[in-house]
Every structure is written in C-alpha cells, then in structure tokens.
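Keep in mind that what you see is a predicted model, and the values were worked out from it rather than measured. Residues: numbered from 1 along the sequence shown.
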Amino acid sequence: MHGHHDTGKNGRGRTHLGAKFRLEQKREKVFEDDYMNILIPNAANSRNLGDQAILEGLLVLLRNMYPDACITIHCSNPELQNRNISDYLRPSLYFWAVFQNRNVLVRIFRLSQIFFRYLLLKMGVRIQIGQQELNEIIEDYGRADLIIFKGGGGLRTHNGMTQTLNILMTFFMLNFTTIFSARKVVAATSFGPFAYHWQERLGAYLLSNFDKVVIREEISLKLLKKYGLKNLLLSTDNAFLIKPSSCYARSKFNEDKKIVGFTLRKCLNPRTQEKFERNFIVAMARFCSEEQVILQPIIQVSSVGYDDVDKLITERVVQQLRVRGVVVYPVQDITSNISDAICAYRDLDLLVGMRMHSTILAAIAGTPVVAISYEHKTEGIAKDLGVAEYCISSEHMTEDILYKLVKSAYQSRSGLRTLISSSVNLLQKKAKEMSHYYLKQKPPNIDLNHKKSIQVISKYFYPVRAGIETNTLETYSKFDHNKWEITVHTVKAGLLEKNSSLDQEDFRGLHIVRYPLRLYGYYPKIDYENTAIIALHNFNLSPHIRILLTSLFLKVLGKKHFKIILTPHGGFNPEWGTFPLWQRIIKFPIHYMIG
C-alpha cells in the first residue's frame, strides 16, 4: 500500500512522515461510527486539467463531510499524481488492464484476469489470485463504504472502434462496482451523446443500479429520464467548488493590456475541423484588428498517451494568426496546476473557450467567457452560468457569427463579469446542498419489531435424538426468539420408521416443518427473498445441492440477500468406504466442487 509523499515540485519524493502519522490515526479510528473508507475508482490523467478540477472539487466535498475518512483514488498514471491528494493511490482497473503495459499479449492477459475475478466475485468467491497489484485494486473495492465515480464527460462516444472499446471498458467498471455492498454513487456527470443507440441504452441500464447518479446539466438529465431512472439528482459540475485564493489578482505586467485568451481542441471529423479552424482564425483576426487586443493561447489538456493533446491544433492556429498580423503571446501550458490556471484566466479580459472546464475555471476567476460547444455538456454549463447567448456550436459556427459573438461579449465584459461571479456563487451553494443528498450514508432502516429469519436444513430432527439432531436442537433453542424466527426443515421420519411425525409443530421456540422422505430426499420450501440465513447441517445430496445451486444462481443475478452456513458434522468428509461405489462416484466430485 502507498503512503503519502513529500511532493516537492514534481509530486514525487521521500515519504512524508506527517502524512503517514495522519494515516495511522485514521487506521486507529476504524471502529468509530464516523470512520469511512471512500474509493474514487476512475480519476483520470493528471495532464487533463478539467478532470483534475473535477477531482479537486469532489475531494473538497468529501473532506468537508467526512474529515476523518480514508480516501483511496484509482487513476491513470498514478506515478504522475500528487501523492498528497489521497491516503492511497493506485492505478484504476482500466489503466492497469489497458494502458500500464501496451503490449497486446499483456493487455489480453490482464483483461482475462479481470473478467475471471469478476465472475468469481459474482459467485461470491473472494480469493486473492494472480498479480498482487490487481489484488490490491480489488481489495479497495471490497473495503470501501462509499464508492463514488468522479463524474465528468466520460459517458459518451463518437464513431469508431476505439471509442466503442473505451465505453465498453467504462461500462465494465460501472458494472464491476455493483458487485460490492458499498454505497455506490456517480458524482456530477454528463450523459451522451453516443454514436450508437445501444450504447445509450446500456449506459442508462448500468446507471440504474447505482444508489444515486448526479447529473451536472439539464440536457443529460432529460436524456436519462426517458429511461425511467429513479435515482437521478440534478446538481452542477464539482469543479465549481474550487475556491480561488484571495491573493489571485491580475499580474502587473498585464494590468494595462487588453488580452483575450482562447482554448481549442481537436474533436471534429477532419473536414469539419479544418473548416472550424479556418473560421476561428478569420473571426479572431478581424476582431483583434478592430479592438487592438492581444491574444493569449492556452493549453489545458496534454494527455499524449490518450490521443487528447491541444498543443498541435493551438500552435497551428497561432501560426496562421501571426501570418495575419495578430499579436499573439507565446502558448501558455497550464495543464499541471489548477492555481496557475486560475491565475492565467484572471489575467484575461475575455476567454473564448472550447475546453468546457476552461470556461468554468475562467468563471471562477471572474473572467467573462464565450463558449464553443462540441457536445451538449458545454451548452448546459453555459446556461447555468447565465451566458447561454454566448455559447455557439463548433459544427455550426461561421466566421461572422463568432466575430459578432466575441465582439459583443468583449464590449459587455463588465456586466458579464458581475453576472458570472454571481452565477458561480449560486452554483457553489447548489453543489454543496445537493451533496448531502448523495454523499451522506442513509441510516439503516431497522424495524425493531421485525424478526430475522433462519432456515435450518437438517434431514433428521426432533423427536430423533442422535448426535447431529441433539446438537442442532440445543444450538438453535438458545437463540433470542424475540429477535430470531427459526424454522427447521426436516423429514417426516425417524431413523428407523418413515413418515411418523406431525407435519408441523413448535418446540422450544423452534417452528418445525416436516416433509415426506422421497427416493431423492426431500424438498423444503424456502422463502429465499425474506431469509437472513440458511443453515445447512450435514452434507446430503438432497436438498443441500439444490439449495446451493439455487443460491449460486441468485448470486449471479444479484438477488441473493442471505447468508449460507454449512455445518457438515463430519458429513462433508465421511468414511467414503461405507458408501457403495456408485454413490462415491456421484458424491465425491459434488462435495469438492459445489460444496
């Protein structure tokens, strides 16, 4: 397991003794009521500033609500992350399987390990096999009291095989989480658009299995509501919870300059992308010529290994702008530090932002924005900020429309600054209020007048007085029968006579139900849905095997809510020589497979 590290400048370094002491204090609190194990299983690459802003906002909520919680984060490239952001830091399942080692054979082997462990967990088999790092990752899921996906814009696709494989792995992580008993939440997220309808339907189905799904804008909420989900909650992007320090102020170097910043990304098909860039260059050159402003290009994402890099498109556009005589500052890379990013945006008079979180961070800095949307998430956030009229679709943008929009926003920047600052305050308040509805654990819904049910399976029982029968009677008759309702399922026969007892009777606080003894045993009627414990005594082929197979089937469907206790009384490992050969051939493999 990982401890905290003194990050210095690059996020890596020697062990931080103070952090280790705090972690040991948390471990000592494990039995206190307010102690929580929290897992965030899908933190993204540290070179995507938007994802880092979402994570930082989510951590603000979690630490305010559970200050003593132990927080584990699974992420991409954990070696690049600041180790002080959480108590434990490990690779996510997705990163471990696909990106940690890109060799095709290694990927196939790791994926097969994950799917095999998934099947075992579905059947209730929790054993540590295979690579130790995978065991530790899965252990974090099992230990968690709260599993919360960080949210964001990952639930969407474009055309292409790579996108389909990506969303299938994302869906698998959602489904993997549902195996565990922790409270399961998807934090502020968008949903869609999807390249194919089946992806949208499957995504909605998987989200329906979570306790709460928090949606950050109304368009995604409307899309999910058509699938009848009852666990939805409308909030806003958690990045709004980042509070800029009061020391953030416009740098003296830029005090008397008129500066308009921009962020760009490559997300359109080649033909549309080329048209978009051409219109953007012409519109911004025309605007700068009239208003005598300086442009500040900003790079907010540089995830080289994930085909998500803003640098190439930004430098290409900058080159063309300079050819047209526009004064452009050197490209500013803010991918590694949120504080630096907010400072950069505060230096601007206006931001023309294609990266959605560039508009959010600029708004937090109090800078007016013109948003260029490539998906509906940006339109939703612009509406929340009160600047929907200054949001334009990248696919429908023309040179003239963008020029007029930027000029209007620039000339109205003083009023927009006030409007955006007010909207940010309201959104921060909304995010905090909504968090209580999905982060707080619900108190257990216990009915003190309701008895828990135990179904006891024993071939012979009272009035039979042999060893197993006496042990079983003396054990269950000692239970508190005000809290436990115990039913014993047995046969209507003694050891020597058949069908000699009453069908039902109550004895020493136990309700006894007897069944005819048939050629293949007997068939107890069990209410699997309302049973807390099924206790199997001895190890008979019937009804034990049928009950175990039924339980296995219910586990796979996710509908098994009871515990099984097997007390073999020596019957699991008997004197095999006392059985006929045909019985040994049947019983032995069944004992050591199903048993």
Counterpart residues, salt bridge (charged side-chain N to carboxylate O under 4.0 Å, His left out), relative to Lys404 (two or more places apart): Asp400

Derivation and outcome, side chain to side chain contact (heavy atoms under 4.5 Å, CB included), residues Leu221 and Leu232: CA-CA 8 Å; Leu221 181 70; Leu232 303 176; 3.9 Å; yes

Distance-only donor-acceptor check, side chains Asn269 and Thr272, under 3.5 Å: yes

Residues forming a salt bridge (charged side-chain N to carboxylate O under 4.0 Å, His left out) with Glu379, sequence neighbours excluded: none

Set of residues satisfying salt bridge (charged side-chain N to carboxylate O under 4.0 Å, His left out) with respect to Glu389, sequence neighbours excluded: none

Within 6.0 angstrom of Lys430 NZ, more than 12 heavy atoms from elsewhere: yes

Partners meeting salt bridge (charged side-chain N to carboxylate O under 4.0 Å, His left out) with Lys407 (sequence neighbours left out): Glu290

Polar contact flag, side-chain donor to acceptor under 3.5 angstrom, Ser408-Tyr390: yes

Crowding at CD, Glu315 (>12 non-hydrogen neighbours, <6.0 Å): yes

Cationic N near anionic O, under 4.0 Å, Asp51 to Lys150: yes

Polar side chain donor-acceptor pair, Asp211 to Tyr438, under 3.5 angstrom: no

Between Asp237 and His357: side-chain donor-acceptor atoms closer than 3.5 Å: yes

N-O pairing of Arg316 and Glu277 below 4.0 Å: yes

Geometric class of the Trp198/Tyr196 ring pair [parallel <30°, tilted 30-60°, perpendicular >60°]: parallel

Ring geometry between Phe287 and Tyr410 (parallel below 30°, tilted from 30 to 60°, perpendicular above 60°): perpendicular

Derivation and outcome, side chain to side chain contact (heavy atoms under 4.5 Å, CB included), residues Asp87 and Thr72: CA-CA 6 Å; Asp87 298 298; Thr72 299; 5.7 Å; no

Nearest-0.5 Å distance, OG1 of residue Thr236 to CD1 of residue Ile360: 6.5 Å

Name of the residue among Arg265, Lys266, Arg355 meeting side chain to side chain donor-acceptor pair (under 3.5 Å) with Asp310: Arg355

Tyr141 ring center near His74 ring center (under 6.0 Å): yes

Side chain to side chain donor-acceptor pair (under 3.5 Å) partners for Ser190, two or more places apart: Arg216, Glu217

Under the side chain to side chain donor-acceptor pair (under 3.5 Å) test, residues paired with Glu200 that sit two or more places apart: Lys226, Tyr227

Positive for side chain to side chain contact (heavy atoms under 4.5 Å, CB included) with Val331, one of Val317, Ile298, Val318: Val318

Side-chain donor/acceptor of Asp333 to backbone N/O of Val301, under 3.5 Å: no

Sub-6.0 Å ring centroid separation between Phe210 and Phe149: yes

Gln300-Thr263 side chain donor-acceptor pair, cut-off 3.5 Å: no

